[in-house]
Structures are given as C-alpha cells and as structure tokens.
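Accompanying notes for the structure given below.
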Number of protein chains: 4
Amino acid sequence: MNDLIISKKELILDAAIKIFARHGYYGSRVSDITEEAGIAYGLVYRYFRSKDDVLISIFQDRWNRYLKKIEQINRDLSDPKEKLRSIIQYIFRSYRQNPDMMKVLIMDVPRLDKFYEQDSQGLYNRVFEKIATIVKQGQDKGIFNKEISPILGAYMLHGAVDAIIRQYVYNPNELKKRKISIRNARDHIIDFLVQGFSITSESKD
Amino acid sequence: MNDLIISKKELILDAAIKIFARHGYYGSRVSDITEEAGIAYGLVYRYFRSKDDVLISIFQDRWNRYLKKIEQINRDLSDPKEKLRSIIQYIFRSYRQNPDMMKVLIMDVPRLDKFYEQDSQGLYNRVFEKIATIVKQGQDKGIFNKEISPILGAYMLHGAVDAIIRQYVYNPNELKKRKISIRNARDHIIDFLVQGFSITSESKD
Amino acid sequence: MNDLIISKKELILDAAIKIFARHGYYGSRVSDITEEAGIAYGLVYRYFRSKDDVLISIFQDRWNRYLKKIEQINRDLSDPKEKLRSIIQYIFRSYRQNPDMMKVLIMDVPRLDKFYEQDSQGLYNRVFEKIATIVKQGQDKGIFNKEISPILGAYMLHGAVDAIIRQYVYNPNELKKRKISIRNARDHIIDFLVQGFSITSESKD
Amino acid sequence: MNDLIISKKELILDAAIKIFARHGYYGSRVSDITEEAGIAYGLVYRYFRSKDDVLISIFQDRWNRYLKKIEQINRDLSDPKEKLRSIIQYIFRSYRQNPDMMKVLIMDVPRLDKFYEQDSQGLYNRVFEKIATIVKQGQDKGIFNKEISPILGAYMLHGAVDAIIRQYVYNPNELKKRKISIRNARDHIIDFLVQGFSITSESKD
DNA sequence: AATGAATGAGGTTTCATTCAT
DNA sequence: GATGAATGAAACCTCATTCAT
C-alpha cells in the first residue's frame with residue numbers, strides 16, 4: 001500500500017524530468033513543472049531550495065543509483081570486460097526505460113554552474129574512478145592494454161556512449177536512415193570500446 | 001593589408017567566445033559581449049539577428065573550417081588510420097590554440113535549441129558523414145573492422161575526444177593529479193580509438 | 001497559580017516582539033514568530049486575524065497599560081510638573097525593562113497602515129489628550145506657559161522622548177562616544193521638557 | 001532652456017516620492033512609480049540599483065540639501081537662538097512645499113535597513129552634529145543652559161518637530177478640531193524649544 | 001486546540017531587443 | 001554605421017493565509 005504513495009518530492013522530480021526533457025532547463029518554467037505535477041506553484045520551494053536545486057537533485061539521485069549499480073556489478077562479476085559490458089548495458093537500459101531522464105542528464109545537468117561545485121563533482125568523479133579501477137584490473141590481469149590511462153579510458157568510454165545516445169535523442173533521422181536500432185548501436189559500442197581497451201596483436205608489438 | 005583589419009563581426013564573435021566560455025551562454029549578457037568587444041550596446045544587432053545567432057555563427061564559422069580541414073586531410077593522406085589520427089590531432093590543436101572556442105563548441109552550442117534546426121544540423125551531419133566515409137574506406141581496404149557501423153564509429157570517436165577535452169576544461173584537477181598532460185591524452189586517445197577501429201586477432205575470429 | 005501559566009496568545013506576542021525588534025515588521029515572517037514561540041506554523045491564525053493584527057495587538061496591549069499608568073499618575077500626584085516627570089520616567093523604565101518592545105512601538109507600529117485606522121487612533125489620541133490635560137492643569141495653576149498649545153506640547157514631549165530612545169536603539173555609538181548614559185539622558189530630557197513648559201522670566205514678558 | 005529639462009533620474013525620484021507618500025514604501029510597487037513617471041518599467045533599474053536605492057537616494061538628496069542649508073544658516077546668522085529658529089522654519093517650509101517628501105522622510109526612510117548602513121548614517125549624524133554645535137555655541141555664549149547635552153538637545157529638537165509634522169500628516173483631525181494651523185504650530189514649537197534650551201530664572205538657581 | 005503541508009497571488013529584477021538620434 | 005537610452009515581457013521566489021488531519 002505504502003509503495004503506491006509517491007512522495008511529493010518524487011512527484012516534483014518526475015514532472016521536472018518530463019518538462020526539462022521537453023524544453024530544456026532554461027526553457028522550462030517552474031510553473032510548467034508544478035502544472036505537470038498537478039500541485040501548487042509554491043510547493044516546489046518547500047521541497048527544493050531553488051529551480052537549480054531540482055536539477056541537481058535529479059543528477060544526484062540518478063548518479064547515486066549509478067554508483068551503486070557499478071558497485072554491484074563489481075561484486076557480481078569478475079571479468080573486467082564483462083564489467084564494462086554490464087555498465088554500458090546499464091546505461092542503455094536506463095535510456096530505454098527513461099529517455100527523458102537521460103536527456104536531462106546529458107544536456108541540462110552539465111550546463112548548470114552548481115554541477116561544478118564540490119558536492120556534485122565529488123559524486124561525478126567517484127563514478128569515473130570506479131570505472132577507471134575496472135580498467136586497471138583488466139590491465140593487471142593482462143587483458144587490457146597497459147598503454148591506456150585508466151581514467152582517460154573511463155572518460156572516453158562514457159563520452160562515446162553519451163555521444164551515441166545523444167544522437168538517438170536529438171538526431172535520430174541519421175540513424176534511422178541507416179537502420180541502426182538502439183540495441184544494435186549498443187552492441188557496436190560494446191564491441192568497439194571493449195576492443196579499444198583490449199590487448200591486440202598490434203599493441204602486443 | 002585588408003587582412004590586418006578585423007571586421008566588426010569578427011570582433012563581436014571573438015568577444016562572444018571569450019564571454020560564453022567564461023559564464024556560459026545563458027550566463028552571458030549581450031552587454032557583456034559588447035563591453036568585451038569595446039563597442040556600443042546595440043551594435044550586435046546590426047551584425048546578428050539575435051544572441052542565439054551569435055552562438056550559431058560561432059559554430060558555423062568553426063565547423064565550416066573543420067569540414068574543409070577534413071576534406072584537405074582526405075586529399076593529402078591516403079591511409080584511413082592516418083586520416084583519423086590527423087583529425088584527432090586537429091581537434092586537439094584547435095583546443096590548444098583556442099580553448100575558449102572549444103569550450104563554447106562543446107558546452108554551449110549543443111545545448112542551444114537553434115542548433116537542432118535544419119540549418120545547423122546539416123553542417124553537423126556533413127562532418128560526421130565525412131568521418132564515417134573515412135571509416136568505410138578503412139573497412140573496404142581491410143584495415144578496419146567491418147562490424148562497426150561507420151557513422152556510429154564517427155560519433156564515438158567524437159564523443160570520446162569531446163569527453164576528454166571537457167575534462168581538461170571543467171575538471172582539470174583529476175587529470176593533473178594523475179599527471180596526464182594534454183598531449184599525453186591526445187596520444188592515448190589516438191591509440192585507443194584507432195585500435196578500436198582496427199581489425200585485431202580477436203575480431204578476426 | 002494561573003499567573004504562572006502564560007497563555008498561548010501572550011507567548012505569540014512575546015515572540016513577535018523579539019522578532020519584530022530584530023528584523024522589523026516587514027523583515028519578519030510569521031514562521032519566524034512561531035519558530036521563536038515554539039509553536040506550530042498555522043497557530044498564529046487561531047489567535048490573531050493576521051500578521052498586522054499581531055502588531056496592532058502589541059500596540060493596544062501596551063498603550064492600554066500606558067493609559068492606565070497615566071491615569072494612576074494623575075490620581076497619585078498633584079503637581080503637573082511631577083506628573084510629566086513621572087510619565088517620562090515611566091517611558092524610560094519601560095524601555096529599560098523591554099527595549100525590544102519599545103523598538104517595535106517606535107519603529108514598527110507607527111509605520112503600519114492599520115495603525116491609522118479608527119480603532120487604534122482612538123487609543124493613541126486618548127493618551128495624548130490625557131497628557132495635554134496635564135499640561136492644561138499646569139497652565140491653569142500658573143505653572144506652565146499659557147502660550148503653548150497643550151496638545152502640541154504633548155506631541156512634542158513624546159516626540160522628543162521617542163527620538164532619544166530611537167538614538168539609543170539604532171545609533172548608540174554617537175551617544176556612547178559622548179558617554180551619555182540612558183539615565184543621564186532621561187534626566188536631561190526631563191529638565192529640558194519641563195523647563196520648556198514652564199513659565200520663565202522670558203516668557204513672562 | 002536646459003533648466004526646463006528634468007533629468008530622468010529626477011523624474012523617477014519625484015514620482016517615487018509621490019507614490020511612497022501615498023502607499024508607503026512597502027505598499028508601493030516599482031510599476032506604480034514608473035506609471036506615475038510615465039516611463040517604461042525597467043528604466044528605474046538603469047538609474048537605480050534597486051527599489052531600496054530609490055528611497056535612499058531620496059533621503060540623501062534631501063539631507064545633503066538640509067546639511068547645506070544648516071551650513072548657510074550658520075554662516076549668515078550669529079545668534080544661536082536665531083539659528084535654531086531658522087532651522088525649524090526651514091523644516092516647516094520644506095514640509096509646506098513638499099509634504100509628500102516629508103512624509104517619506106519621516107515614515108519610510110527609517111524603516112529601511114539600508115538607512116542604518118555606514119553611508120546614510122554618516123550623513124544623518126553629520127546633521128545632528130551641526131545642530132549640536134549650534135547648541136554648544138549658545139552655551140558658550142551664556143545664552144543656553146549648560147546642563148543640556150548638545151547632542152541630546154539636537155535629537156530632542158528634531159524629535160519634537162518631526163512629531164508635530166507627523167500629526168499634521170497622519171492625524172490632522174485632532175489638530176483641526178483645536179484650530180491649530182501649521183504656522184501656529186511652528187511658532188509654538190519654536191517658542192517651546194528655544195525656551196527649553198534657554199537659561200531661565202529657574203535654571204539659573 | 002494544534003499541526004504543518006499546500007496554496008497562489010504578487011512583486012522585484014533581469015535582459016534581449018528596439019529605436020531615436 | 002554607431003550609440004546607448006528606453007522598452008516591457010518574463011520568471012523566480014517569497015510568504016501570508018488556508019485547510020485537511
């Protein structure tokens with residue numbers, strides 16, 4: 001029973017994601033959010049300090065889950081390749097389940113000054129460190145190319161994944177034209193990136 | 001002689017880059033730009049339709065050059081690996097020469113509604129098509145893995161490069177901590193991406 | 001026994017005085033008052049019609065006491081000079097006992113629209129009439145200068161006293177610099193004002 | 001010709017005085033001011049930092065003139081009694097010429113936090129020091145009672161004058177009832193206050 | 001009586017754009 | 001072309017008041 005009751009905070013956050021995804025953060029009015037949520041204008045300010053705060057909360061809520069997911073993947077799997085594959089799959093799954101959320105995370109969050117403050121950057125960096133650690137494990141195990149800086153690898157992995165998703169969100173025609181489905185794309189990316197990390201005959205030279 | 005005279009339009013564009021880089025597009029006022037340029041408040045509107053238009057002009061100016069550069073690389077080099085290497089080097093060189101410009105291109109341009117209108121997307125897509133064509137050449141020559149969609153490869157390449165540059169711009173401490181210089185990073189990326197594209201013993205199976 | 005129980009109304013009033021004194025009427029939120037009083041947000045509205053009403057109640061509570069005090073002074077003393085002296089002493093004593101209250105009475109009450117409505121002005125004017133009557137008595141007894149309008153005298157007396165207290169409240173450094181204590185000031189004022197009313201060689205001309 | 005052109009700043013200030021006098025500072029909207037001035041909404045913010053700033057400017061403009069007037073009185077007259085008389089006359093004349101202005105100065109200015117900042121308090125205190133100096137001169141000349149602290153005298157003088165004017169502004173019925181005209185009042189006050197300062201037979205004892 | 005979540009009107013300020021000179 | 005004063009729409013946030021529990 002209690003599970004059915006969505007907290008007001010959650011309600012606002014969900015509405016904000018929908019609205020931000022539609023018009024972008026700067027194109028969205030607080031009143032759009034409250035209207036979407038079916039609540040009174042001022043109520044947002046009982047749960048959030050400001051409009052900024054709503055956006056940052058979306059980021060933090062989501063990236064905390066992401067961090068936990070990575071930790072879980074770390075526990076459940078042992079092969080670094082599988083771990084990276086799992087992370088990428090998770091990102092794509094998140095996109096399919098809530099494309100609006102992903103849109104907001106990719107397009108709106110990084111525009112916000114507050115995102116670059118200590119608090120959020122800490123969380124942001126922690127995620128990349130975790131991914132870098134996985135790369136490092138692969139290197140130690142002799143699976144991944146030792147030439148690659150683990151942290152740079154983590155950034156590149158994310159950059160590549162984000163770029164693809166961004167195309168699906170904002171420029172889908174180019175991909176439809178070529179008949180590349182999102183699942184297709186995901187598998188390409190996994191192959192490409194995992195291979196990028198791997199030791200090959202060439203890099204063995 | 002004429003080359004020494006910077007047109008007013010150019011003057012405004014240069015000032016805008018500096019200002020947008022500093023405070024972001026939404027954090028910048030038109031008056032900030034004119035002040036930086038040392039011109040009258042309203043003059044921007046003689047050269048540009050709107051504030052949006054200024055940002056889009058920066059994008060178009062730059063990406064037209066970028067397109068030409070890729071075409072030149074295409075003419076001058078024949079090895080697809082070398083071509084991609086050259087493109088990546090060009091992007092990093094551009095960043096080193098004008099980091100503000102790159103900041104604006106990565107952070108502000110893609111977050112502007114107008115960027116997703118026909119006009120700009122045409123230019124944007126043309127660049128990615130060119131890069132995709134290079135990947136295709138590599139595949140036809142038996143150098144690149146045929147499994148990879150050329151267009152996805154192009155997006156990933158750019159996404160990875162952008163992600164790294166974004167870290168240098170917004171989160172440099174993490175990279176300084178690890179003593180990874182920008183040139184270092186560039187070479188890592190080149191190795192990683194070019195290998196990602198390449199046929200390897202593994203992908204040959 | 002009942003005397004020890006402070007009614008909720010009283011509790012709110014005391015909290016309001018503290019809060020209004022600190023931030024001024026317009027700078028104080030109803031929630032500040034309830035927080036200070038340690039009661040629920042909405043409870044103020046069970047005891048008062050509005051925020052205005054709280055301030056007006058402070059005024060009325062206090063000025064009713066003040067009126068009674070003046071009446072008592074009128075009964076207990078006979079010399080008009082002594083009466084005025086007593087009134088001034090009472091005001092200063094009130095200030096010393098509850099400076100916050102005086103701050104509110106001097107600064108907030110007279111700047112509230114509602115204060116100028118019939119209801120409060122009646123009480124306000126009754127006090128000044130009482131003081132004017134004392135001046136009149138002095139004139140009739142040949143002690144006070146008949147040239148002075150009693151009501152104007154009453155206003156001036158209060159204006160002078162209020163001005164001094166206001167300085168102690170808002171600009172105490174100027175008085176500290178000159179080492180004038182509040183009791184000092186009180187005695188000066190009494191002398192000055194009582195003399196102002198008195199018949200002198202000059203005014204006898 | 002130039003004299004006929006009122007600067008925009010002046011225009012706004014005049015409108016603000018009218019509006020503040022009518023509804024009080026907190027009851028006045030910036031749009032009321034611009035409407036009264038017949039100008040665009042945002043123009044206020046080209047000439048003033050904020051609504052606060054408009055009110056403070058009124059105070060500073062006026063009190064700077066007041067200070068100059070006192071200085072002029074100081075130069076032109078020699079008898080301290082005459083000087084005080086002149087100051088009081090000046091205040092009453094100001095009131096008659098622009099009652100709205102006086103209303104604002106008495107009722108709105110002292111409510112404003114900014115008024116208590118260094119800048120405005122400096123000006124405020126300088127005026128009182130000047131008046132105190134005149135009292136001191138009178139004491140040195142053997143005309144004024146040495147018992148009175150000059151600065152307290154200055155405060156009392158102003159407090160008494162302000163109190164009377166306030167009654168004319170907000171509570172005129174009480175004075176009309178008693179048929180006391182404003183000029184009447186002025187002369188009473190002058191007599192009362194100047195006598196308050198003077199050496200009398202009584203204070204000579 | 002007590003609580004505090006919910007309401008929503010209202011006002012300040014910002015700033016892109018226009019326009020008279 | 002150049003200037004910068006003028007315009008006014010737009011939106012965030014506050015907070016007095018109400019109301020369901």
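By convention in this document, chain letters (A, B, ...) are assigned in the order of the sequence lines, proteins followed by strands, and residues within each chain are numbered from 1. These values consider heavy atoms only, across backbone and side chains, with no hydrogens, waters or symmetry-generated copies.
Residues that satisfy the side chain to side chain donor-acceptor pair (under 3.5 Å) test with C/D53, not counting sequence neighbours, are absent from this structure. Residues satisfying the side chain to side chain donor-acceptor pair (under 3.5 Å) criterion with A/Y66, sequence neighbours excluded, are A/H158. Checked against side chain to side chain donor-acceptor pair (under 3.5 Å), A/D61 has the following partners two or more places apart in sequence or in another chain: A/R65. Under the rule for a side chain to side chain donor-acceptor pair (under 3.5 Å), the partners of D/D52 that lie at least two apart in sequence or sit in another chain are D/Y25. Residues that satisfy the ring-ring contact (aromatic ring centres under 6.0 Å, His included) test with A/Y124, not counting sequence neighbours, are A/W63, A/F115, A/F128.
Rounded to whole Å, atom C1' of E/dT3 lies 13 Å from atom CD1 of C/I12. As a whole-Å value, the separation of D/D52 CG from E/dT13 C1' is 12 Å. At whole-Å resolution of the value, CG in B/L11 and C1' in F/dA2 are 13 Å apart. The CG-P distance, from D/L55 to E/dG11, rounds to 18 Å in whole Å. Summarising the geometry, the separation between CZ on B/F48 and P on F/dA2 is reported as 13 Å, rounded to the nearest angstrom. Between C/D53 atom CG and F/dA16 atom C1' the separation is 13 Å, expressed in whole Å.
You'll find the side chain of B/S57 reaches within 4.5 Å of the side chain of B/L13, heavy atoms only. A/M102 is not listed as a side-chain neighbour of A/V169, based on a closest heavy-atom distance of 4.5 Å or more.
Phosphate contact (OP1/OP2 of F/dT14, side-chain N/O of A/Y45, threshold under 4.0 Å): absent.
Near DNA chain E, meaning a heavy atom under 4.0 Å away, the residues from residues 24-34 of chain D are D/S28, D/R29, D/V30.
Sorted by first then second residue, the salt bridge (charged side-chain N to carboxylate O under 4.0 Å, His left out) pairs that include residues 104-116 of chain B, not counting sequence neighbours, are A/R111-B/D108. For residues 40-51 of chain B, there are no side-chain hydrogen bond (donor to acceptor under 3.5 Å, both in side chains) pairs, not counting sequence neighbours. Evaluation of the salt bridge (charged side-chain N to carboxylate O under 4.0 Å, His left out) test over residues 98-107 of chain C, restricted to residues two or more places apart or in two chains, returns none.
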Only distances under 3.5 Å count here; give the side-chain donor-acceptor pairs of residues 27-38 of chain C to other protein atoms, sequence neighbours excluded, each with its distance to 0.1 Å.
from, atom 1, to, atom 2, distance (Å)
C/S28, OG, C/I19, O, 3.3
C/S28, OG, C/G24, O, 2.6
C/R29, NH2, C/D32, OD1, 3.3
C/D32, OD2, C/R29, N, 3.0
C/T34, OG1, C/S31, O, 3.0

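Distance from the side chain of A/S50 is smallest for F/dC13 among the nucleotides F/dC13, F/dA16, E/dT13.
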Would you tabulate the pairs of protein nitrogen or oxygen atoms and nucleotide nitrogen or oxygen atoms of nucleotides 5-9 of chain E closer than 3.5 angstrom?
from, atom 1, to, atom 2, distance (Å)
E/dA5, OP2, A/R46, NH1, 2.7
E/dA6, OP1, A/K8, NZ, 2.5
E/dA6, OP2, A/Y47, OH, 2.5
E/dT7, OP2, A/A40, N, 2.8
E/dG8, N7, A/G42, N, 3.0

(request) Treat a base pair as Watson-Crick or G-U wobble with both distances under 3.5 Å, then lay out DNA chain F in dot-bracket form, 5' to 3', with | for cross-strand pairs. (result) .||||||||||||||||||||
